[in-house]
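Single-structure report; data block below.
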Amino acid sequence: MGADVDGGTDGRGGAGVKADGGAGAALAVEAVSVSFGGIHALSDVSFEVPRGQVCGVIGPNGAGKTTLFDVVSGLRRPTSGSVRVAGRDVTAVPAVRRARAGLRRTFQRTQVFGRLTVADNVLAAMEWRGGGGGLLADLTGWPSRRGRERDRRRRVEEVLSLCGLTELRDAYAASLPVGQRRLVELARALADDPSLLLLDEPTSGLDADQTARLGEVVRSLDTTTLLVEHDMGFVMDVCDRLVVLDLGKVIATGVPAEIRGDPAVRAAYLG
Ligand SMILES: Nc1ncnc2c1ncn2[C@@H]1O[C@H](COP(=O)(O)OP(=O)(O)OP(=O)(O)O)[C@@H](O)[C@H]1O
Ligand SMILES: [Mg+2]
């Protein structure tokens, strides 16, 4: 199931399929450093996320979490080091092409189309991904295109249901409170089966019920996920592994239970 995500979508399946073959990491961050003048926002950061796992990135303010997200999503080139997605070195690949290859990111400040309905927001995310066959297909109405359209509509309803948004499908996104807009953004990110999902503070603005729902959704996905989050209860619940940053350095990695008891982590948070 995962193989057709990497292989089938960007039309250059070869590399993805090959890298997919083994137990290779879905995401590998290798010795990444980022400096802003004299500030070392990230220093020699390395970690891997195995396919299908949820990895949380935590750390005190200024630890480098957002900078790390920017590097993984391609918004910022690291000063040194590299990023591999499904075995492929994407360090020099611009953000928009990483997105086309199946990387999806949600933002701390939600980005949805306020003047579209919830359902159309999700549909638009799929349209953007393309694959429609172009103008000729539009004019000739290829049966395959109509079939694809049906599949898309079905997928939209599936994703809406997954995110608990079915009843809001016809509401304008702008009319929703921030918690629900965040779920719409998640639905958009999930619409076309991303191969790698980055969630930036996904629980911010959500109430307890929505947070619990989000946790269930994230847990239920096969998608490799990297998330930055301040809500420790959520992180400990949802993540398979954690990477702890402090002052740009990885100070601990491990399963939540290990991290909870780690003296260096406690010191970083208390200190
Ligand atoms: N564009 C920039 N120019 C200069 N310094 C920056 C820039 N972006 C980040 N920094 C610095 O890099 C360090 C890491 O910042 P970053 O925003 O990645 O931390 P963070 O872990 O996301 O923090 P927070 O939890 O407050 O969001 C901080 O010292 C920050 O001041
Ligand atoms: Mg940040």
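Fair warning: this is a prediction, and the values are worked out from it, not measured in the lab. The residues of the chain are indexed from 1 along the displayed sequence. Scope of the values below: all heavy atoms of this structure, side chains included, with no hydrogens, waters or symmetry mates. We count ligands from 1, going down the list as the structure has it; atoms in each ligand are counted the same way.
- For atom 26 (O) of ligand 1, the closest heavy atom belonging to the protein is Asn61 OD1, 3.3 Å.
- Given atom 29 (O) of ligand 1, the protein heavy atom at minimum distance is Ile39 CG2, 3.9 Å.
- A side chain to side chain donor-acceptor pair (under 3.5 Å) with Asp70 is found for one member of Lys65, Arg76, Arg105 and no other, namely Arg105.
- Atom 31 (O) of ligand 1 lies below 4.0 Å from none of the non-hydrogen atoms of the protein.
- Closest to atom 12 (O) of ligand 1, if we only count protein heavy atoms, is Ala41 CB, 3.3 Å.
- Between Arg98 and Val85 the shortest side-chain heavy-atom distance does not fall below 4.5 Å.
- For atom 7 (C) of ligand 1, the closest non-hydrogen atom of the protein is Phe36 CE1, 3.4 Å.
- Residue contact annotation: Gly64 has a non-hydrogen atom under 4.0 Å from ligand 1.
- Residue nearest to atom 23 (O) of ligand 1, selected from Pro60, Ala63, Gly62: Gly62 (by heavy-atom distance).
- Atoms of ligand 1 lying under 4.0 Å from at least one heavy atom of His230, given by number and element, are 25 (O).
- Salt bridge Glu157/Arg153: absent, no basic N to carboxylate O contact under 4.0 Å.
- With no hydrogens or angles considered, a side-chain donor-acceptor pair links Ser82 and Glu30 at under 3.5 Å.
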- Message: Checking Arg213 against Glu216 for the salt bridge (Lys or Arg N to Asp or Glu O under 4.0 Å) test, could you report, in this order, the C-alpha distance in whole Å, the side-chain angles of both residues, the deciding distance, and whether it holds?
- Response: CA-CA 5 Å; Arg213 169 114 214 171; Glu216 277 168 33; 5.3 Å; no
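- Tyr172 pairs with exactly one of Val118, Leu116, Thr117 by the side-chain contact (heavy atoms from CB on, under 4.5 Å) rule, that one being Thr117.
- The Mg ion (ligand 2) has an N, O or S atom of Thr66 under 2.8 Å away, backbone or side chain.
- Using a 4.0 Å cut-off between charged side-chain N and carboxylate O, Asp222 and Arg51 make no salt bridge.
- Of all protein heavy atoms, the one lying nearest to atom 18 (O) of ligand 1 is Thr67 OG1, 2.5 Å.
- Between the side chains of Glu229 and Thr203, at least one donor N or O sits under 3.5 Å from an acceptor N or O.
- For atom 17 (O) of ligand 1, the choice among Thr66, Leu42, Val57 with the nearest heavy atom turns out to be Thr66.
- For atom 25 (O) of ligand 1, the closest non-hydrogen atom on the protein side is Lys65 NZ, 2.7 Å.
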